[in-house]
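Within every chain, numbering begins at 1; the chains are lettered A, B, ... in the order of the sequence lines, protein sequences first and strands thereafter.
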Amino acid sequence: MVYRNAPQQHLSLYQFLLLAGRRIKPLQQVHAQIILSGKTSSLPLLTKLITSACAAEAIIYTRQLLFSIPNPDSFLFSSLIKTSTKHNYPVDSLIFYRHMLVCNAEWSNHAFTAVIKACANLSALGLGRIIHCHVIVSGYGVDLFVQAALVSFYSKCNELGVAQKVFDEMPQRTLVAWNSMISGYEQNGLADKAITLFYKMRDSGVEFDSVTLVSVLSACSQLGDLSLGCWIHEYIRSNLHVNTTIATSLINMYGRCGDVIKAREVFNSLNQQNVVTWTSMISTYGMNGYGKKAMEIFHLMKLHGPPPNSITFIAVLSACAHGGLVSEGQLAYTSMIQDYKLVPKMEHHVSMVDMLGRAGLLNKAYQHIQDMNHVKPGAAIWTAMLGACKMHKNVNLGVIAADNLLAIEPQHPGHYVLISNIYAMAGQMDRVEMIRNVMIRKGLKKQVGYATIEVDHKTYLFTMGDKSHPETVAIYRYLDELMERCREVGYTPASESVMHELEEEERVYALRYHSEKIALAFGLLKTGHGSIIRIVKNLRVCEDCHIAIKFISVVTKRKIVVRDKLRFHHFENGICSCLDYW
DNA sequence: ATAGGGTTAG
């Protein structure tokens, strides 16, 4: 308690600390002053010094400082753990936690929440479990802050069951706990559970905030749930201030639900755009196949917006890949490196290979892979290459891509169909057989395709050849009739896109009753003439369905929007926004 | 005098 006797002296040292801010040299000068004036036991001073050093990201100096302090107290430890977690030094956060244990300092909910968050950032499930035990033994198991941190931690470690259990056992569920649980489901791809929980939250009378809605909007994007998304937009308009975060979520939601016009409206309504809102708008256009529009926005951004970052260029290159804008994409790629000094990462290379490959420039795509400096081509690169080889029927390069893909991810079930297709094309039936055997041996099945459609605020799900719907007979009869009308105006089934091992008869059946066709027939039967049909498909839409839907848009005179695994297809008058380029 | 749990783009 020495410092109470000489407040003047300390005040000036403290002011020096404030002046030093996060600059490391001035901080070290004040440190010297502290030593010279003999105030090395003033914990408030040392706490400010050490957290400033940590915030200045001088982590080695921070560690040295801690070990030079004779009796750090609980406050110093929890501040330090908090700051190190916040500045992305989770390992140091754990080291400080251990040091806190050794020093036998008193625990606090602040120290626990921070160290749990550090474990969450590391996805360190085992360590987090141990700390959870420590929490309970220290009597902090009942603390609402610590419980919320645990919910978030278990969610980030994909342990949603445990997260839910901690959440359920909370005597009082705080807003933050609800938000953690909802975002936990959303981040783990369980969008329907996130939405169910949101309704529960609303019904239990807990006030939600913009953080809740950001997660729920993401869940809407995943499911293509445009009606809940619109409801949230209305709610925000009348109750909340639209900040850039929530605006980004709205743009993204509309974009991923295929409503480009609404996305643009939100974008235009913003007073202040940042790099994230610009990037979202570019990627919305790109994802929906409007490559030219995406480039228009990119151009506006370069004129009036902040400098594009690495993620902006992923959006730009991907828009070029999906829009067939090869020379524009190549220019953007060069500009990224030369004008913006950004180093291309794996995702940029994937988009480049995708872009060149789709355009049929297979040798250039292969050359790009070989020219990648310091980056080892990952599975995504070879998948893009393989897809392009299949599209343009280049067997030689296709086999090279397939071999590389098999070498990198031999276990991945999603690759087998594509790989065996290319070997079949190359006439290497022994390898086709081998791949098939591997699939059977490992119990790997083709991912089950399904399509969903929303009618009267209710979502219906169909799988291939689905007969579970009570009106199945009517749906199939209508679908058959529809396909007959399409045939009359020139449609012929493209059966080669079905997996080769099916018998011919099965192929035709499989094509005719693909989930997206059933969902589409159901939607056309159930909705009025002017409305847009919106379908979400979990896999990529197949070639035959793509052709068929173009014809269906003609014979029914309807607008049809299909979101597949990668992008959107807007069908109207026999034309798709992807220009058959996907 | 010392810090402050959850959320944001491909």
Exercise. Base, sugar-phosphate alone, or nothing: which one does L144(A) contact when heavy atoms must sit under 4.0 Å apart?
Worked result: base
For this session: Decide whether a cation-pi geometry holds between R173(A) and F167(A); the criteria are a distance under 6.0 Å from NZ or CZ to the six-membered ring centre and an angle within 45° of the ring axis.
Result: yes
Seminar exercise, completed: From CZ of R256(A) across to P of dT8(B) the rounded distance in Å is 12 Å
Exercise. Can you name the nearest heavy-atom pair linking V536(A) to L223(A), along with the distance?
Worked result: CG2-O, 3.9 Å
For this session: Pick base, sugar-phosphate or nothing for K156(A), based on heavy-atom distances below 4.0 Å to the nucleic acid.
Result: sugar-phosphate
Exercise. S280(A) side chain: which of dT2(B), dA9(B), dT7(B) is closest?
Worked result: dA9(B)
Exercise. Could a donor-acceptor pair under 3.5 angstrom be found where the side chain of T245(A) meets the base of dT8(B)?
Worked result: yes
For this session: Indicate, with a heavy-atom threshold strictly under 4.0 Å, whether S183(A) touches base, sugar-phosphate, or nothing.
Result: sugar-phosphate
Exercise. Do F153(A) and H132(A) have ring centroids that are under 6.0 Å from one another?
Worked result: no
For this session: Under 4.0 Å from any atom of DNA chain B, heavy atoms only: list the residues of residues 283-313 of chain A that qualify, in numerical order.
Result: S283(A), N309(A), I311(A)
For this session: Starting from P on dT2(B), measure out to CG on L76(A) and report it in whole angstrom.
Result: 13 Å
Problem set entry | Spacing between N252(A) atom CG and dT7(B) atom C1', to the nearest angstrom | 14 Å
Exercise. Taking the six-membered ring for Trp, are F112(A) and W107(A) parallel (under 30°), tilted (30 to 60°) or perpendicular (over 60°)?
Worked result: parallel
For this session: Step through it carefully: locate the ring centre of F313(A), locate the ring centre of F298(A), and say whether they are under 6.0 Å apart.
Result: yes
Exercise. dT7(B) P sits how many Å from N188(A) CG, rounded?
Worked result: 12 Å
Problem set entry | Lys/Arg N to Asp/Glu carboxylate O, K292(A) vs E296(A), below 4.0 Å | no
Exercise. N252(A) and S249(A): side-chain donor and acceptor closer than 3.5 Å?
Worked result: no
For this session: Can you sort out the partners of Y199(A) under ring-ring contact (aromatic ring centres under 6.0 Å, His included), two or more places apart, ordered by chain and number?
Result: none
Exercise. Is there a donor in the side chain of D354(A) and an acceptor in the side chain of S351(A), or the other way round, less than 3.5 Å apart?
Worked result: no
For this session: Please state how far atom NE2 in H322(A) lies from atom P in dG10(B), giving the value in whole angstrom units.
Result: 12 Å
Exercise. Of all the nucleotides listed (dG10(B), dT7(B), dT2(B)), which has the minimum atom distance to the side chain of K117(A)?
Worked result: dT7(B)
Seminar exercise, completed: Within residues 81-115 of chain A, those residues having any heavy atom closer than 4.0 Å to DNA chain B are K82(A), K86(A), H110(A)
For this session: Look at all strands and tell whether Q187(A) reaches a base, only sugar-phosphate, or nothing, counting heavy atoms closer than 4.0 Å.
Result: sugar-phosphate
Problem set entry | Proximity to the side chain of E347(A) - top-ranked nucleotide from dG10(B), dG6(B), dT2(B) | dG10(B)
Problem set entry | Whole angstrom value for the distance that separates P of dT2(B) from NZ of K48(A) | 7 Å
For this session: Please determine, for the side chain of S79(A), which listed nucleotide (dA9(B), dG6(B), dA3(B)) has the closest atom?
Result: dA3(B)
Problem set entry | Whole-Å distance separating the NE2 atom of H348(A) from the C1' atom of dA9(B) | 12 Å
